[in-house]
Structures are given as structure tokens and as C-alpha cells.
Amino acid sequence: MPELPEVETVRISLHDKLVGQEITWLKVREFIGVLGGDDPAAFSARVVNRTVASTRRRGKYILIDLDDGSVLVVHLRMTGNLSLLHRHDEKVRFEHLAIGIGDEMSLRFADQRKFGRVVHLLPQEAGTIESKVGPEPLSASFSAEVLTSSLQRRTGPIKSILLNQKVIAGIGNIYADEALFRARIHPLTPANELSVLQIHSLHRAIRQVLREGLLNRGTSISHFRDGAGQEGENQDNLKVYGKGRIGAPCPRCGQPLQFLVIGGRSSHFCPKCQRSSLTY
DNA sequence: TGTTATGTTGCCAT
DNA sequence: TATGGCAACATAAC
């Protein structure tokens, strides 16, 4: 479900309603594992009575900064969902954690598949997130040169490399396929065989598809909703993702799109527009 | 009714 | 270190 645009959409939808609010109570439901092995009572003791200082996003992580320098780290994985409801609203389906926000609201974390986590990092642990992810693709520091240097020593298929969070933070299966289509690069191309022009094209395409995803407030193919329960619109903007299996026509050339499993992930592309050794 | 796929990541083996 | 396979889990769609 959630890649950079979706995660950022959730964060933005919650930010103003969380900042400055006190965490007043906390309830862990049946799935205690949501806390990543932490003890519910200890977790609660560290978090309750703290105030939300700010929210941030790093890759696919939502970071909720508390006033003591500690951080609530939320990862939605495949089917995780954050929603801000009134405190007396019914428990939502698959709810694993409810966090009281001020006197009236509660932030619910729900996750059908139980892969997602909400962990609390002490101030001295807050840096561990940084060691898990690479550059932010929409930041000014993510240049074509930065991308070049991380691709040139890798031999794996570019599709798989784009999914590596240490190479670029926040790209998932949808935006990887969309970026490769825009850059006209075959997903199986070994990363270190891309030409300078192809890397520049890919760099531009990555930023473009992520920005569009963000402007459309995320891609809602099945599960995705923002913090207010709103669906995104970017599913209408997808050019190839999900279309290869049915052989839908390429929006550029009309050829049937193709489907491949690459690194265990479904991959959709145009065999004509995205050729393996395209020289400019 | 059974099988298969699902947008993520970490662990394990090579 | 880089890469690939697979498991974690629940459900919908075939």
C-alpha cells in the first residue's frame, strides 16, 4: 500500500491535528506485537503525558516527535492505516493501537496483515532510522550524481535496486514501475549498465512520479486511506502498474504491456518503449 | 472450496 | 557487500 507519496499524504493529513497536543492515554489491543516487542505498560509509561512537538517523514516511516526528544515511529508496511477519530468512536477493524490525543481525539493504528509497527525510540535511539534509509528522492541533495554513484557498483536489475530503501528512500513497487516506464528503461537492465543519459532520465522520472503521486494525495488501489479516511486519486494517473498482466495497451505506443516477476515483485512495463539496451 | 496474489521488509543463504 | 528467495499475515479474487 504505502510508498513515499502515500506515507507523506497520511503525515500531512495528521500534522496540524497532532502538533501541540498531549498524549493522554494509550490502549494496545489484541496484537501486542504492533509495538515491535516493547512491553505495553512500559511503552505507555514513556509516551503518555508527552506532547507532540512535530511530525516528519523519512522514507516510508512517519516520525512523531515528542517533547522529550523521543520519537514515535510508524511504519505501515502493506496494509497499515492511521486514522484520527474521536475518542469514543468505535474500534476500527484490525485496530491494534489507540493513542489518546488531548481530551477528545484518538489516533488509531490498524493493520489487517499485522506487518506494520509503531515503535517508540528514546532520544539516544532516534538516529537509528537514519541508518536504515538512503537519500530522500524529493530533496535537493538527491542529485543525478548521487543516483549515479549508487547505481554504478550494482549489478542487480534496476527494478530491484529501486526498491532498496538504502539506495533511495520511499520508492515501492508502484512508483518503481511508473518511473521506469517514464524513463523508458527495461526493469531487468543491470543497474551498472545504464547510460549517463538513462540515469538522468530515471532521476527525473523518479521525482516526477513521486511528486504527481503526492499532488494526487496517494494511490488508492485497495487499502490506502489518509488520516481522515480519504482516498487518493493517483490510481487514475498510473500508466503501467497493474496493467501488464492483462496486456493492456501501452499508453505511449499501443503495444500490449508485459508482466514479469522480478525479485519476487510483480513488474509491469512496455516491451517496446522500455528496451534493455537503449542507446541515446 | 482450494489456490494465488497483494502496494514491505528482514532474515537467511549464497 | 550484493543479491535472491522466502516468511511474516489476512483477505479478496480467481
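In what follows, every chain begins at residue 1, and chains take the letters A, B, ... in the order their sequences are listed. Note that this is a predicted model, so its numbers are computed, not measured.
With hydrogens and angles disregarded, no donor-acceptor distance shorter than 3.5 Å links the side chain of A:Glu231 to the backbone of A:Phe224. The main-chain N or O of A:Leu197 is never found under 3.5 Å from a side-chain atom of A:Ser201 such that the two would form a donor-acceptor pair.
Nucleic acid contact class of A:Pro190 (heavy atoms, under 4.0 Å, all strands): none. At a threshold of 4.0 angstrom between heavy atoms, the contacts of A:Leu4 with the nucleic acid are absent.
Taking for each of A:Ser160 and A:Arg93 the nucleotide of DNA chain C with the nearest heavy atom, the 5'-most of the two is the partner of A:Ser160.
The pair A:Glu22-A:Arg50 fails the salt-bridge criterion, with no side-chain N (NZ, NE, NH1 or NH2) lying under 4.0 Å from an Asp/Glu carboxylate O.
Closest contact between the side chain of A:Phe94 and the listed nucleotides C:dG4, B:dT6, C:dA10 involves C:dA10.
The CZ atom of A:Arg154 sits 11 Å away from the P atom of C:dT1 (whole-angstrom rounding). What separates CG of A:Leu76 from C1' of B:dT6 is a distance of 16 Å, to the nearest Å. A:Leu162 has its CG atom 12 Å from the P atom of B:dT8, to the nearest Å. If you take CE of A:Met78 and C1' of C:dC6, they are 13 Å apart, rounded to a whole angstrom. For A:Arg265 and B:dG10, the CZ to P distance is 13 Å, given to the nearest whole Å. Rounding to whole angstrom units, NE2 of residue A:His75 and C1' of B:dG10 are separated by 11 Å. With rounding to whole Å, A:His223 atom NE2 is found 11 Å from C:dC9 atom C1'. Counting to the nearest Å, the C1' atom of B:dT6 and the CD1 atom of A:Ile174 are 10 Å from each other.
For the contact set between residues 163-172 of chain A and DNA chain C, defined by any heavy atom under 4.0 Å, there are no members. Within a heavy-atom distance below 4.0 Å of DNA chain C, the residues of residues 111-122 of chain A found are A:Gln112, A:Arg113, A:Lys114, A:Phe115.
No path of Ile, Leu, Val, Met, Phe, Trp and Tyr side chains, each step under 4.5 Å between heavy atoms, connects A:Leu202 with A:Leu163, placing them in separate hydrophobic clusters. Follow the hydrophobic side-chain contacts under 4.5 Å out from A:Ile129 and you never reach A:Leu82; the two are in separate clusters. Cluster membership check: A:Ile206 shares its hydrophobic cluster with A:Leu4, using side-chain heavy-atom separations under 4.5 Å among Ile, Leu, Val, Met, Phe, Trp and Tyr.
The shortest distance between the side-chain N/O atoms of A:Arg245 and the OP1/OP2 oxygens of B:dT4 is not below 4.0 Å. Note on A:Thr79: every side-chain N or O is 4.0 Å or more away from OP1 and OP2 of C:dT11. Within the 4.0 Å cut-off from OP1 or OP2 of B:dT9, not a single side-chain nitrogen or oxygen of A:Lys132 is found. Under 4.0 angstrom from either OP1 or OP2 of C:dT3 there lies at least one side-chain N or O belonging to A:Thr155.
One side chain, A:Asp65 or A:Ser54, offers a donor N or O that lies under 3.5 Å from an acceptor on the other. Side-chain atoms of A:Glu6 and A:Tyr175 include a donor-acceptor pair closer than 3.5 Å.
Smallest separation of non-hydrogen atoms from A:Gln165 and A:Gly170: OE1-N, 2.8 Å.
Between A:Arg46 and A:Asp38, the closest side-chain pair of non-hydrogen atoms falls below 4.5 Å.
In DNA chain C, the stems built from three or more successive Watson-Crick or G-U pairs (distances below 3.5 Å) are B:2-6 with C:10-14, B:8-14 with C:2-8.
One P atom belongs to B:dC12, the other to C:dC9, and the distance between them is 16 Å to the nearest Å.
The one candidate from A:Glu233, A:Lys239, A:Gln235 that meets the side chain to side chain donor-acceptor pair (under 3.5 Å) condition with A:Asn237 is A:Lys239.
For A:Lys114 and A:Phe31, the positive end sits near the middle of the six-membered ring, less than 6.0 Å away and at most 45° from its axis.
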